Q: 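Below is a structure I'd like to ask you about.
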Amino acid sequence: MNRTFLLLKTQAVNDFSLNEIFGQHGGKQGPVFITAAGIFTLLLFLGGYNVLTAAALVSMGQQDMIPAYMVAVSSFIILVFTLLRSNGILFGSRDFEMLCALPLEAGEIISSKFGFLYLINLAFSALFMVPAGVVWLTGTRGHGVPFFFYLVSVFFVPLIPMCAASAAGFVITLLSAGSRRKNLLSLVFSFGALGLLLGAGIYGMYGDVKEGSLGTVLAGQIGRLYPLSSWFRYPHRLSVLWNVVFWLVSVLAFWVFVRITAVHYTRLNAILLQNHASAAGKAGFMRRSSFAAMYRKELGRYFGSYLYVLNTGLGVVCLLVICGAICVIPPEKLGGYAGIEDAVSFFGQYAPLIVAAMLSLSCPAASSVSLEGKNIWILQSVPLPFRTFLNSKIAVTLSLHAVGYLTALPVFMLRFQMDGARLAALIVIPAVYSIFTAVQGICINCCFPRFDWDNEMVVIKQSMAVILSGVTGMLCVAVPAILHWFFRLPLGMVLWGWAGILLCVSGLLYWKACQTKII
Amino acid sequence: MLEIQHLTKLYPGGKKAVDDLSLSVRAGEICGFIGANGAGKTSTIKAVVGIHGFEQGEILIHGKSIRTHPLECKRQMAYIPDNPDLYEHLTGYQYINFIADIYRVSSEERRKRVERYGELFEMTSSLGNVITSYSHGMKQRTAIIAALVHAPSLLILDEPFVGLDPKGAFRLKQIMQELVEAGGAIFFSTHVLEVAERLCSRIAMIKGGRLVVAGDTDRVKGNHSLESVFMEVQEHE
């Protein structure tokens, strides 16, 4: 068996815990039903959304835009997700030393790691392109050959965005490598890159829109979002040749990326895994409460991990970026970028939900119990009630939210005129969401802890607790919006009623979390 | 078989982890590498097995440089770290087969070796279970079986006896003796000086990154115990 494939297979079995999922080989059987249900819900949600989007394009008579649109959107999402993950999987993984001691070429190792990332991202491209492709095929006639080429392209679409994002991760690592504040610099660069990317995406979709037919406008927007997507327009049968060019360019990009990173692979991993000997700090002997001690320990754990902050701080960082944008850009213009008419009224009305949604995206609590990993024995042997540990972990999530919340409050209050009721909603609703997010995250993690991880990325990004918590957070933001938009219920009433329910559920979940027997 | 020439390895920040270290281990020898915590043992070992690069010097395995011919060198040796990070969600068999596939060991040979070492370390009944269910000692035994599955001629071990029970430690010593009797060589670090004294034909002591004592065990310790020589070196060299 080819060694790259062997490495890839081993990593997939290990990182996806396939032995445990299928309850084989004496491993603790994983929650198969819940895992399957969670994945199925996500597939249904995303697949359904893409089918609806494609159907909307068909109803507008723009069915031939579907392939280019789906290629552009899936590539953009893969780019963002790979940027969040690449430094945990491609570089700085825990098996680096073991693999380096084996007779393996750096190119084989990097190809297998890239292959593992590819497997994850292939799910995205398939989820976006296949359901929409079926709508495209049924909405057009005589597109059998282009449809076949389009389907084959599903396998090539992840390669270029993955290479671009991994290269960005590689450069970020190199830029911050020399500094003692390596983590901080990496975070600043990573969030900067994500901000640029999202800004470019929004500008590409909504900024500088030229007058013309709907098709021209759409083509311009899609092309600006991802220029290579223009190779997926099918005005005539020969257009499929551009698909072949796309395949070749994708494979070439992958080959060049592997060749370049393989040369620096050992050095880069050594940089990522080494610790700078910092100057000896002063010994502090100040007495603190047990909660304060645990809270400080949790904060240290949080900010000590680049991947943890990058993946769980994104919502709060987005909120800060939105606040910054609101401060410097007139709301009407900002609304124009985001495709919102009457932005002043929109932001004034939906401000509580916008802030709450951003806070719901940041939930360090959902992986905080699992991240104890092999150190769980420390908590198990310390004479403190379990409640204290949970409180300290909840407090970290609330502290993170407080940064975004306390920034957003004055910005929204000053920028948009609000009456008393809206002001009260802006103050209370996001705070309730913050509490609920922290408590549901910790409760779900207590129900589905995972301590036997090899790579913290597995827990932070792929664990059952994080997926369930993320879906719960999204649903809780979606419920009031759906009730308001589809059932025409007054937003204020819906938000206050829903906040009351969330608060009660938070109390129940907190009680449930405290009853779990982890330690 | 192993030749380290003027090895210098720097920590980030410029401090020397290993400073101009030279030593050799010939076929049929077991060389014990002894030093206090932070003396540079693991840095040296990781440079030897190709995990870390180094700033100066040369490391030769069977006359070939680990820098210029890493794959050929690694095919000849096996490394067992002090705290083996195995793929914990694989079964013991899956992990050993993975290593055997990397080294391209034939099915017949791997079956014979896994059966033999599995029985020797009393792991046969556990190798079908996932590694997460293993104790530390069982993980160590699995790492040892995996390291031996391609019959290396040079074995590099970092604190191999940590976590092994007396029976496991006895079996490992037995295997080490067999390997050198068959013409192989072993280079291992340890803090268990009694084991080093009885097992090793050569001793190398490192302090502050520099090799301070090296030679045949009998010559190094003379009429004293290895422990007293070690303490003497630590306090006065």
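Predicted, not measured: the structure shown is a model, and the values here were computed from it. In what follows, every heavy atom counts, from backbone to side chain, and hydrogens, waters and symmetry copies are set aside.
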Q: For B:H6, does the NE2 atom sit with more than 12 other heavy atoms under 6.0 Å from it, leaving out its own atoms?
A: no
Q: What part of B:L86 lies closer than 4.5 angstrom to a heavy atom of chain A: side chain, backbone, both or neither?
A: backbone
Q: So with a 6.0 Å cut-off around NZ of B:K173, is the heavy-atom count from everything else above 12?
A: yes
Q: Can you tell me how far the CZ atom of B:F98 sits from the CG atom of A:L102, to the nearest 0.5 Å?
A: 6.0 Å
Q: Taking the side chain from B:D85 and the backbone from A:D95, do they hold a donor-acceptor pair closer than 3.5 Å?
A: no
Q: Look at the side chain of B:D101 and the backbone N and O of A:R3, then say whether any donor-acceptor pair between them is shorter than 3.5 Å.
A: no
Q: Give, as side chain, backbone, both or neither, the part of B:K15 having an atom under 4.5 angstrom from any heavy atom of chain A.
A: neither
Q: Any chance you could measure B:Q94, atom CD, to A:K9, atom NZ, to the nearest 0.5 Å?
A: 7.5 Å
Q: Atom CG of A:N19 and atom OG1 of B:T91: how far apart are they, to the nearest 0.5 Å?
A: 6.0 Å
Q: Let me confirm one number: the OH-CG distance from B:Y87 to A:L99, rounded to the nearest 0.5 Å.
A: 4.0 Å
Q: Measuring from A:M98:CE to B:I99:CD1, what's the distance to the nearest 0.5 Å?
A: 5.5 Å
Q: Report yes if the side chains of B:Y95 and A:T10 come closer than 4.5 Å at any heavy-atom pair, otherwise no.
A: no
Q: Can you tell me how far apart SG (A:C100) and NZ (B:K74) are? Round to the nearest 0.5 Å.
A: 5.5 Å
Q: If you compare all heavy atoms of A:A101 against all heavy atoms of B:Y103, which two are closest, and at what distance to 0.1 Å?
A: O-OH, 4.0 Å
